[in-house]
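The chains referred to below are lettered A, B, ... by the order of the sequence lines, with proteins before strands, and numbering in each begins at 1. Treat the numbers as computed from the prediction; the structure is a model and nothing was measured.
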Amino acid sequence: MKKPAIESSDDRPVKTRWVPHGITWFILRRVLLGIATLFIISLIVFGATQALPGDAARAILGREATPQKLAAVRKQLNLNRPVTDQYREWLGGIVTGDFGRSLANQLPVSSFLGNRIVNSGFLVLLSAVISIPLSLLIGSLGALWRDRPFDTVTSIINLALAALPEFVIGVGLILLFATSVFQFLPAVSLISPDTPVWEELEFIVLPALTLILAVTPYISRIMRGSMIEVLESDYVEMARLKGLRERLVISRHALPNGIIPAIQVTALQLAYLAGGVVVIEFVFTFPGIGQALVDAVAKRDLPIIQSLSMLIAGVYVVLNLLADVATILISPRLRTSLR
Amino acid sequence: MTDQRTDVDGMSEAPVEPVSSPPPPRRSKRSPLAMTMARALRLGRTKVGLALVTVLVAVAAFGPLLAPESTTAFVGPPYQPPGEGAVMGTDFLGRDTLSRFLAGGRSVLILSLLATVLGLIAGVAIGLIAAYSRGSMDDVIMRSMDIVLAFPQIVFVLLLVSTIGPKLWLLVLTVAATHAPRVARLARGAALEVVERDFVKAAEVLGEPRWRILLSEILPNITSPLMVEASLRLTYSIGLVAAISFLGFGLQPPAADWGLMINENRVGLTVQPWPVALPTLAIALLTIGTNLIADGLARALIGVDRGTAEA
């Protein structure tokens with residue numbers, strides 16, 4: 001771990017001996033908190049879907065309810081047993097990797113969702129890999145060239161993009177690139193969920209671009225704000241006054257500190273991507289979890305809805321955990337303040 | 001969506017008073033809220049935002065009166081391009097695009113306004129109670145808010161829609177419920193500073209009931225940040241409500257609704273883009289407008305509007 005110049009502005013003695021203990025304790029506490037959060041989320045997901053007052057089986061089948069079908073659904077969801085048993089069974093299944101079977105097609109949820117999770121994961125990862133460096137760059141340049149044309153233009157674009165609902169960005173891109181204006185990209189991906197998406201790369205361009213446009217404004221705004229603050233700080237002025245070249249001032253002193261708040265936002269945005277894919281996949285009929293979730297909601301396919309809600313919430317909790325840990329590890333001030 | 005936008009330029013977490021100004025007297029002639037709004041109005045972005053929102057609200061409110069055709073009347077073949085009989089062409093069933101567009105804004109606007117107001121009320125109540133009670137009560141409240149935050153808003157709404165079905169009241173309530181924790185965080189943060197001030201202590205000593213202290217001592221002092229938050233929340237509400245309709249879980253056919261229109265007509269996009277383009281553009285301009293207002297208010301609140309000369 002590199003040591004940014006921050007320590008020179010901190011004249012308290014640094015108790016290095018306590019640091020590892022502090023970090024381990026901190027991480028342990030955050031992990032426990034994350035598990036507790038997931039547990040409560042499981043209660044909410046289960047409560048909202050299966051334990052509603054009334055007959056869940058009837059609600060699922062709607063007009064198709066025949067006595068035989070009702071009995072079958074009740075059996076599959078354990079509806080004949082007390083709610084606490086149902087919950088224990090369901091949670092036990094999820095913890096051991098058995099997510100049940102889809103009500104719509106009787107496939108095991110894990111094999112039904114497997115490829116879709118990979119597809120969505122690839123989409124999110126690709127978007128993240130492009131948008132994170134891009135937005136850090138835009139944000140830093142905006143701070144360095146504060147109030148100059150580049151900054152003004154990117155700020156206005158960011159403000160507009162941040163306002164747009166992601167499906168509007170997606171539909172807008174389709175209107176621009178797949179129809180009348182410039183027709184060179186496929187509007188929707190007509191590929192089966194079993195084909196890995198990277199074999200059909202042109203289908204991923206527009207969905208990925210939508211996600212990038214949805215996420216970049218947030219990260220670059222925070223990066224800009226935090227860089228402005230850092231560039232005006234005492235230790236950067238100190239580095240300049242002692243005659244360091246501006247490039248070194250920025251790369252060694254400003255960037256490592258300016259990036260810290262951006263980490264939190266990046267994690268939040270990645271977590272947001274896990275939910276943002278829902279609408280975007282529907283726009284582009286991209287064969288991923290979002291599309292599957294919307295289908296499942298329309299068909300009231302409870303096992304799929306429950307599994308996907310837990311998955312998305314899990315991604316969120318884990319990313320937040322990682323962001324907290326990364327922030328602590330990177331920022332010397334926080335590292336030393338932990339006891 | 002997430003919440004970094006209140007934090008304009010990342011300069012501060014909680015709204016701070018302008019540097020070097022004396023602590024504001026509690027009951028000045030113009031309330032802090034009025035001052036923030038007046039300052040926001042001098043910013044170009046606020047004016048543009050207001051203009052956009054005014055135009056689109058007018059379209060949504062008076063559009064149904066101006067519609068040349070009934071929203072359910074068949075006026076031509078499906079996906080007829082703009083021309084005689086239908087200025088903007090027809091939709092996937094041969095209904096008049098312009099009439100359906102003019103009639104389709106009301107639902108989006110009313111539902112998102114309702115959801116925003118409900119979410120604000122709930123969030124402010126939760127946040128104020130948390131800030132005022134402090135201690136373990138505060139911890140419990142804010143931790144449970146964090147848990148609701150672990151669901152992306154859209155997933156939370158879909159989860160409830162999947163069991164109860166696409167009901168409009170449910171849509172409003174769930175969108176409000178996803179806003180509440182975010183508003184609560186902000187309200188708590190702003191109220192924490194106010195709670196420590198002398199006039200709150202004085203009210204406590206005088207034996208004022210708790211609800212009165214919350215409502216008449218603390219709430220009036222956090223209206224400015226709440227105003228920023230309200231306009232932001234409205235931006236997200238519009239996006240969320242439109243997205244849910246777009247996914248098919250909001251208004252049901254044959255209703256005329258912007259989100260639903262985009263969904264219904266996207267198959268014929270290459271032949272007749274207007275029934276998709278018009279509502280998409282309208283939602284885009286509306287959300288950009290509300291976000292510009294939010295940004296203007298936020299800048300006025302933290303004092304960015306007064307330019308760099310003073311800094």
Side-chain angles (χ1 to χ4, degrees), chain A residues 37-38 40-41 44-45 48-50 52 56 59 146-147 159-160 162-168 171-172 174-175 178-180 183 187 218 221-226 228-229 261 265 268-269 271-272 274-276 278-279 282-283 293-294 296-298 300-302 305 308-309 312-313 316-317 320, chain B residues 1-5 7-11 45 143-144 146-156 158-166 235-236 238-240 242-244 246-249 259 262-263 266 269-271 273 276-277 279-281 283-284 286-292 294-295 308:
Chain A
T37 308
L38 279 177
I40 297 172
I41 286 172
I44 298 175
V45 169
T49 50
Q50 203 154 330
L52 276 179
R146 194 177 175 185
D147 294 329
L159 196 59
L164 295 179
E166 55 272 20
F167 81 97
V168 167
V171 173
I174 293 184
L175 281 166
T179 65
S180 34
Q183 188 170 359
Y218 292 97
R221 271 184 96 159
I222 293 294
M223 187 63 195
R224 176 181 177 273
S226 120
I228 285 178
E229 208 170 298
V265 180
L268 265 180
Q269 287 303 316
Y272 155 75
V278 173
V279 186
F282 183 77
V283 171
L293 181 62
V294 175
V297 170
R300 298 195 161 179
D301 196 340
L302 290 193
I305 300 170
L308 284 177
S309 310
I312 291 172
Y316 183 94
V317 169
N320 265 306
Chain B
M1 285 258 195
T2 38
D3 303 283
Q4 307 84 22
R5 256 182 287 189
D7 189 4
V8 170
D9 297 324
M11 292 182 73
R45 61 188 73 216
R143 279 284 164 223
S144 37
D146 285 349
I147 290 168
V148 183
L149 288 174
F151 281 105
Q153 290 181 301
I154 192 104
V155 177
F156 188 77
L158 287 182
L159 189 64
L160 290 167
V161 165
S162 67
T163 36
I164 304 181
T235 311
Y236 294 136
I238 297 167
L240 209 52
I244 299 287
F246 170 71
L247 293 178
F249 304 121
I262 301 175
N263 184 7
R266 62 201 182 109
L269 205 69
T270 41
V271 197
V276 174
T280 306
L281 197 65
I283 296 171
L286 186 58
T287 47
I288 289 178
T290 49
N291 201 34
L292 283 175
D295 194 63
T308 41

S.K.: Work out which heavy atom in B/Ile283 is nearest to a heavy atom in A/Pro165; give both atom names and the distance.
M.R.: CG2-CG, 4.0 Å
S.K.: Pick from A/Ile44, A/Ile312, A/Ile41: which one has the most heavy-atom pairs with chain B under 4.5 Å?
M.R.: A/Ile41
S.K.: Mind ranking A/Leu293, A/Val317, A/Val294, A/Val278 by heavy-atom pairs under 4.5 Å with chain B and telling me who comes out on top?
M.R.: A/Val294
S.K.: Which bit of A/Ala298 is near chain B, if near means a heavy-atom gap under 4.5 Å: side chain, backbone, both or neither?
M.R.: both
S.K.: Taking C-beta and beyond as the side chain, do A/Tyr316 and A/Asn320 meet within less than 4.5 Å on heavy atoms?
M.R.: yes
S.K.: Out of A/Leu308, A/Leu38, A/Val279, which one racks up the most heavy-atom pairs below 4.5 Å with chain B?
M.R.: A/Val279
S.K.: Does B/Arg266 qualify as a cation-pi partner of A/Phe167, given the criterion of NZ or CZ under 6.0 Å from the six-membered ring centre and within 45 degrees of its axis?
M.R.: no
S.K.: Using a cut-off of under 4.5 Å on heavy-atom pairs, state which of B/Asp146, B/Val271, B/Leu159 scores highest against chain A.
M.R.: B/Leu159
S.K.: Quick one: closest heavy-atom pair of B/Pro273 and A/Leu175, and the distance?
M.R.: CB-CD2, 4.0 Å
S.K.: Please look at B/Ile288 and chain A and tell me whether the side chain, the backbone, both or neither of the residue comes under 4.5 angstrom of a heavy atom of that chain.
M.R.: both
S.K.: Do you know the tightest heavy-atom contact between B/Leu292 and B/Arg45?
M.R.: CB-O, 3.5 Å
S.K.: Is there side-chain contact between B/Thr287 and B/Tyr236, with at least one heavy-atom pair below 4.5 Å?
M.R.: no
S.K.: Check each atom of B/Leu160 against the heavy atoms of chain A and say whether the ones under 4.5 Å are side chain, backbone, both or neither.
M.R.: side chain
S.K.: Rounded to the nearest 0.5 Å, how far apart are CG of B/Leu240 and CZ of B/Phe246?
M.R.: 13.5 Å
S.K.: With chain A, which of B/Val161, B/Thr280, B/Ile238 has the greatest number of heavy-atom pairs at distances under 4.5 Å?
M.R.: B/Thr280
S.K.: Considering only heavy atoms and a distance below 4.5 Å, find which of B/Val155, B/Leu247, B/Ile154 pairs most often with chain A.
M.R.: B/Leu247
